[in-house]
Amino acid sequence: KNGFLVRKVHADSDGKRTPRGKRGWKTFYGILKGLVLYLQKGEYRPDKQLTDEDLKNAVSIHHSLAMRAADYSKRPNVFYLRTADWRVYLFQAPNTEQMQSWITRINTV
Ligand code: I3P
C-alpha cells in the first residue's frame with residue numbers, strides 16, 4: 001500500500017517523549033513493503049529511488065499496532081502507530097477511507 005502521509009513523532013524508542021523541536025508535522029509518501037513502512041520525502045514519482053534519509057525514516061511495523069487517534073482532535077484522519085520498541089507516531093491520512101486502509105494493512109501483516 002502507498003500514499004501520502006503526514007507524520008508527527010510523539011515518542012522515541014523506549015517510549016520517551018520526543019523533545020520539542022522534533023515534534024512537527026511533515027509530509028511523506030508512504031510505501032508499505034512487507035514489514036517496513038518507507039517514508040519518502042519530497043515530490044512523488046513512481047520510479048523514484050529511496051535516499052539514505054528515506055531509509056533512516058523507515059519504520060519497522062513488525063509487532064507494531066496501528067489505531068485511530070480518537071483522542072487527537074487537532075487534525076482529522078489521524079492514526080497512531082506504536083512500534084515494537086515503543087516509538088509512537090501519529091500519521092494523518094488524506095481521508096477516512098485511506099486512514100482505515102492503512103490501519104488494516106499495518107495490523108494484518
Ligand atoms: C511542535 C509542533 C507540532 C505540535 C507540537 C509542537 O513543535 O508545533 O505541530 O503538535 O506540540 O511541540 P516543533 O515543530 O518545534 O517540535 P500539534 O500539532 O499536535 O499541536 P506538542 O509538543 O504538544 O505535541
Side-chain angles (χ1 to χ4, degrees):
K1 174 172 176 60
N2 299 350
F4 283 100
L5 285 173
V6 194
R7 184 205 67 186
K8 175 183 174 180
V9 188
H10 175 71
D12 301 329
S13 54
D14 303 322
K16 279 184 233 133
R17 187 184 167 87
T18 302
R20 285 186 67 183
K22 293 183 174 180
R23 302 179 57 85
W25 290 91
K26 279 186 194 165
T27 301
F28 295 91
Y29 190 76
I31 302 164
L32 184 55
K33 252 191 208 171
L35 293 168
V36 181
L37 173 60
Y38 294 97
L39 295 168
Q40 206 165 20
K41 259 216 324 229
E43 221 161 282
Y44 171 69
R45 273 184 287 108
D47 59 343
K48 200 167 161 183
Q49 299 287 309
L50 291 161
T51 64
D52 286 352
E53 200 193 341
D54 295 334
L55 294 173
K56 275 186 217 152
N57 283 323
V59 181
S60 164
I61 60 157
H62 188 53
H63 291 169
S64 73
L65 178 70
M67 57 186 260
R68 192 171 74 86
D71 60 348
Y72 188 85
S73 54
K74 292 184 186 174
R75 289 172 178 239
N77 310 316
V78 174
F79 65 93
Y80 288 113
L81 178 65
R82 165 166 283 160
T83 65
D85 60 357
W86 297 90
R87 289 167 211 268
V88 179
Y89 300 96
L90 281 82
F91 285 108
Q92 181 184 25
N95 54 51
T96 310
E97 192 186 11
Q98 283 293 307
M99 175 191 69
Q100 197 48 62
S101 139
W102 280 110
I103 292 171
T104 305
R105 285 296 305 273
I106 289 167
N107 290 342
T108 53
V109 288

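Each ligand, and each atom within it, is numbered from 1 in the order the structure gives.
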- Item | Heavy-atom gap K8 to ligand 1 smaller than 4.0 Å | yes
- Query: What do we get for K74 next to ligand 1 when only non-hydrogen atoms under 4.0 Å count, side chain, backbone, both or neither?
  - Reply: side chain
- Query: Quick one: does P19 get an N or O within less than 3.5 Å of an N or O on ligand 1?
  - Reply: no
- Close-contact set for ligand 1 against Y72 heavy atoms, below 4.0 Å: 17 (P), 18 (O), 19 (O)
- Taking the side chain as C-beta and beyond, is there a heavy-atom pair between V6 and F91 under 4.5 Å? no
- Message: For a side-chain contact (heavy atoms from CB on, under 4.5 Å) check, start with the C-alpha distance between M99 and I103, then their side-chain angles and the critical distance, and finish with the verdict.
- Response: CA-CA 6 Å; M99 175 191 69; I103 292 171; 3.9 Å; yes
- Residue, atom name and distance, where the atom is the protein heavy atom closest to atom 3 (C) of ligand 1: R23 O, 3.5 Å
- Message: Checking Y80 now: which residues fulfil ring-ring contact (aromatic ring centres under 6.0 Å, His included) with it, not counting sequence neighbours?
- Response: none
- Relative to W25, does R75 satisfy both conditions: NZ or CZ under 6.0 angstrom from the six-membered ring centre, and within 45 degrees of the ring's axis? yes
- Item | ligand 1 contact by Q92, heavy-atom criterion under 4.0 angstrom | no
- Task: Please assess T83 against V59 for the test side-chain contact (heavy atoms from CB on, under 4.5 Å), listing each intermediate value before the final yes or no.
- Result: CA-CA 8 Å; T83 65; V59 181; 3.6 Å; yes
- Provide the number and element of each atom of ligand 1 under 4.0 Å from a heavy atom of W25. 9 (O), 17 (P), 18 (O), 19 (O)
- atom 8 (O) of ligand 1: protein heavy atom closer than 4.0 Å? no
